[in-house]
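Counting convention: from 1, in listed order, for ligands and their atoms alike.
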Amino acid sequence: MNSLSFLRGPLLAGRAVGFGLINASKVTAKNPSFTLSRLPLHAFSSIRASDEEASARAAALNADSEAPTIFDKIIAKEIPSTIVYEDEKVLAFRDISPQAPVHVLVVPKLRDGLTHLGKADQRHGEILGHLLYAAKIVAEKEGIIDGFRVVINSGPSACQSVYHLHLHVLGGRQMKWPAG
Ligand code: 5GP
């Protein structure tokens with residue numbers, strides 16, 4: 001265990017983590033007196049951002065694998081989730097690491113090559129439209145129809161971490177703009 005790993009649970013729960021910006025060598029070699037108490041609070045959000053970027057780059061390496069994704073397992077009910085809406089084409093369930101009071105993922109039950117939006121083809125037009133309509137149904141069901149945000153992260157530069165197209169439906173608090 002390095003000198004920073006005790007922070008993993010409380011600060012970074014819900015994500016696979018690493019410590020890209022704070023190098024443990026800072027503590028041991030060059031700056032033996034360096035302590036966590038010297039870190040400004042914003043450093044921790046930098047740690048999280050750096051970690052998400054590294055995870056996203058790693059996830060992208062297997063983007064085109066035909067292997068079932070975590071979402072396939074949720075769709076097959078092999079992994080439990082809290083389902084908010086379901087029809088024959090899509091499943092909507094609560095995000096395991098919510099970024100807002102309402103944070104629901106809407107996924108196509110059949111991936112059909114849609115690992116990310118960047119792979120969309122003309123034949124996907126119907127399911128893409130259906131996903132957006134399902135997002136609206138979710139917003140209604142969750143009581144946020146007056147104001148909600150729909151996000152699609154596509155590719156490593158957008159920090160996509162699961163390569164099975166999905167919409168994030170976020171709401172229940174004031175959203176800021178521009179998004180990060
Ligand atoms: P992305 O980063 O690819 O845009 O979003 C993937 C989302 O899936 C993340 O917000 C993450 O919290 C969520 N997620 C990852 N694994 C699971 C899981 O096993 N269950 C649920 N409900 N959400 C998950």
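Considering both main-chain and side-chain atoms, S81 never comes within under 3.5 Å of ligand 1 through any nitrogen or oxygen pair. Among the atoms of D95, some N or O lies under 3.5 angstrom from an N or O of ligand 1. Among the atoms of I79, none of the N or O lies under 3.5 angstrom from an N or O of ligand 1. Residue H168 places at least one N or O, backbone or side chain, under 3.5 Å from an N or O of ligand 1.
Of all the heavy atoms of C159, the ones lying under 4.0 Å from any atom of ligand 1 belong exclusively to the backbone. Contacts with ligand 1 closer than 4.0 Å are made by side-chain heavy atoms of L105 only, the backbone lying farther away. Only side-chain heavy atoms of I70 come within less than 4.0 Å of ligand 1; its backbone N, CA, C and O stay farther off.
Close contacts between ligand 1 and H166 involve ligand atoms 1 (P), 3 (O), 4 (O), 5 (O), 6 (C) [criterion: under 4.0 Å to a heavy atom]. Atoms of ligand 1 lying under 4.0 Å from at least one heavy atom of F71, given by number and element, are 8 (O). With ligand atoms numbered from 1 in the order given, ligand 1 contributes 12 (O) to contacts under 4.0 Å with heavy atoms of S97.
Checked by atom type and distance alone, the side chain of Q160 pairs as donor or acceptor with a backbone atom of G155 at under 3.5 Å.
Partners of R94 under the side chain to side chain contact (heavy atoms under 4.5 Å, CB included) rule, at least two apart in sequence or in another chain, are T82, V84, V104, E142. Considering only residues two or more places apart in sequence or on other chains, H116 meets the ring pair (Phe, Tyr, Trp, His ring centres under 6.0 Å) condition with Y163.
Contact of the I127 side chain with the D112 side chain is not registered, since no non-hydrogen atoms from C-beta on lie closer than 4.5 Å.
Ring planes of F93 and F71: perpendicular class, angle over 60° (limits at 30 and 60°).
In this structure, I152 has no heavy atom closer than 4.0 Å to ligand 1.
The environment of E88 atom CD is dense: over 12 non-hydrogen atoms of other residues, nucleotides or ligands sit within 6.0 angstrom.
Put simply, F148 and V151 are part of two different groups of oily side chains (I, L, V, M, F, W, Y) that touch within less than 4.5 Å, one to the next.
In summary, the aromatic rings of H168 and H166 are positioned with their centroids under 6.0 Å apart.
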